[in-house]
Amino acid sequence: MNKQLEKMKQNQECERRKRIAEEKHKEWVQKKREEERRERKQKLSKEMMEKVTRELEKMQLQEKADIKYKEWLKKKRAEEAEKKKKEKEKEKEREAELLEKRTRAEKIFKEWLQNSRNKPQPALNGYGFPHGKSTGLY
């Protein structure tokens, strides 16, 4: 009887230990799952933050690029305007020079015309030809 009682106590003790071990195992598994879930959440949160940071940096780079492009475009347009202005000035100078040449040429031509009227005419019957032409055979 004592042996049976002792055996029952041992069985009960064994059962109790098994239950305690199972409960501890369940608790450990639950803690482990919770920890893994927390780590996944942190990892996901960290990835999202990195993604947002990268997007922000990308936007800032794009803004800088846009600003630099606008500055470059403004500078280029100013250069083109300056170039057109210089070309117009050169064209005006050329036109002024042409006008000056033309007026000088006209003045010289008028002077020549005036002087040529005052010069005596050359003899028409030069070299023995009447009216400056040969009249026939010798």
List the steps, then state whether side chain to side chain contact (heavy atoms under 4.5 Å, CB included) holds for Glu89 with Lys85. CA-CA 6 Å; Glu89 287 178 7; Lys85 188 178 176 183; 3.9 Å; yes
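- Atom-to-atom distance recorded for Gln62:CD and Lys58:NZ is 8.5 Å, nearest 0.5 angstrom.
- Side-chain contact between Glu71 and Lys75 is absent, with no heavy-atom pair separated by less than 4.5 Å.
- The backbone N or O of Lys41 lies less than 3.5 Å from no partner atom in the side chain of Ser45, so there is not a single donor-acceptor pair.
- The distance from atom CZ of Arg16 to atom CD of Glu23, rounded to the nearest 0.5 Å, is 10.5 Å.
- The number of heavy-atom neighbours closer than 6.0 Å to CD of Gln30, taken from other residues, nucleotides and ligands shown, is 12 or below.
- A distance of 7.5 Å separates CZ of Arg104 from NZ of Lys101, quoted to the nearest 0.5 Å.
- To the nearest 0.5 Å, atoms CD (Glu15) and CG (Asn11) are separated by 7.0 Å.
- At a threshold of 4.0 Å, the pair Glu39-Lys43 does not count as salt-bridged, since none of the basic side-chain nitrogens sits closer than that to a carboxylate oxygen.
- Heavy-atom contacts from other residues, nucleotides or ligands closer than 6.0 Å to CZ of Arg94 number more than 12.
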Is there a side chain to side chain contact (heavy atoms under 4.5 Å, CB included) between His25 and Val29? Walk through the geometry before answering. CA-CA 6 Å; His25 183 261; Val29 168; 3.6 Å; yes
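- With a 6.0 Å radius and a threshold of 12 heavy atoms from other residues, nucleotides or ligands, Glu79 has its CD atom above the threshold.
- Remark: Glu47 CD to Glu50 CD distance equals 7.0 Å, nearest 0.5 Å.
- Atom CH2 in Trp28 sits 10.0 Å away from atom CZ in Arg33 (nearest 0.5 Å).
- A salt bridge links Glu13 with Arg17: at least one charged nitrogen is closer than 4.0 Å to a carboxylate oxygen.
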